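Atoms within each ligand, like the ligands themselves, are counted from 1 in listed order. Just so you know, these numbers come straight off a predicted model, no measurement behind them.
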Amino acid sequence: MKYKIRRLIANIVGWILVIIYMPLEKRKAFSGKYITCIYFHDPGTSIFEKCIKWLKKKGFNFISTEEVIKITKGESKVIPGSIWITFDDGWLNNLKIVPIAQRYDVPINIFIATDSIEKTGYFWWTLARKYQAQLPDEYRDNINLLWKIDNLKKMEIINKLIDKVSPKMEREAINIKELVEISKIPQVTIGSHTVYHSIIPNCNPEEMKDELKISKEKLEQWINKPVTSFSYPNGDFNGKEKPVFIESGYDLAVTSVQRYYEPLKDDPFYIPRFCTSENSGLSVNICKMFGIWGRFFKG
Ligand SMILES: [Zn+2]
């Protein structure tokens with residue numbers, strides 16, 4: 001009940017903010033200077049379709065990764081009202097999103113953490129959450145610490161947890177066969193989201209290289225297409241990734257810095273993106289997709 005009331009209030013506040021601020025944001029988004037990059041994780045089909053319908057109705061233009069790369073390289077100009085839709089991780093439910101993208105002819109980029117789809121079928125943080133009581137004390141009491149500590153240490157904790165509990169997890173990630181299938185759909189581009197969904201600033205230089213390179217190689221081998229886009233897990237970067245991206249043949253990388261992407265100014269290996277809110281209604285999501293919500297509220 002409490003949740004329902006909160007959701008309702010958020011919705012009303014969302015529409016008020018849309019009415020007040022959206023005309024200004026729309027002018028900015030249609031100035032021909034910016035690309036509005038948006039990311040989802042595991043949205044329901046209903047909220048995703050609502051967002052797409054609303055953006056279409058308002059005249060926004062959905063562009064593909066290929067077009068973003070061309071613009072980034074200065075080979076083509078920004079189409080006013082350009083929207084680039086991306087998904088992080090490789091959730092099983094993304095398979096239900098793909099037909100919607102096809103139906104509305106909306107290009108989407110799905111960034112894959114390869115180990116989860118190749119081996120485990122789940123993501124390390126859901127495992128940690130499910131078996132939180134079995135974690136060492138300091139992490140049991142503050143599970144968010146796992147996102148902040150040294151990557152090797154985190155891997156050790158997760159591997160020990162796996163040994164201890166022999167996890168029984170429902171599959172939450174797509175598998176290789178499904179990945180190969182969706183990669184053939186014209187609206188879908190596949191990008192890398194590392195191998196182990198490691199937080200890049202927590203990695204040593206060797207691990208960072210491996211995360212960027214091995215994930216790319218694996219994906220390319222599976223889908224038999226070049227993979228040149230990357231998404232930083234949790235949006236976190238340390239600024240030392242660029243030479244590795246260039247050396248490995250990446251064209252762009254996306255963060256979760258909440259602002260518009262300005263191709264003539266911004267570094268293509270640190271592209272900002274607006275987040276969405278999968279448990280909220282349309283109005284909150286509109287506010288999030290254009291950075292309005294975050295100016296007033298946290299989370
Ligand atoms: Zn992620």
* Does the gap between the ring centers of Phe62 and Phe60 come in under 6.0 Å? -> no

* To do: Evaluate side chain to side chain contact (heavy atoms under 4.5 Å, CB included) for Ser215 paired with His193, printing each intermediate quantity in order.
  => CA-CA 7 Å; Ser215 57; His193 196 44; over 6 Å; no

* To do: Tell me, please, whether Tyr250 has Lys216 positioned over its six-membered ring: NZ or CZ under 6.0 Å from the ring centre and within 45 degrees of its axis?
  => yes

* Do you see an N/O/S atom of Asp89, backbone or side chain, under 2.8 Å from the Zn ion (ligand 1)? -> yes

* Polar side-chain atom of Asp105 near backbone of Gln187 as donor-acceptor pair, under 3.5 Å -> no

* Asked: Where the Zn ion (ligand 1) is the corner point, what angle links NE2 of His197 with NE2 of His193, to 10°?
  -> 90°

* Just wondering, is there an N, O or S atom on His41 that's nearer than 2.8 Å to the Zn ion (ligand 1)? -> no

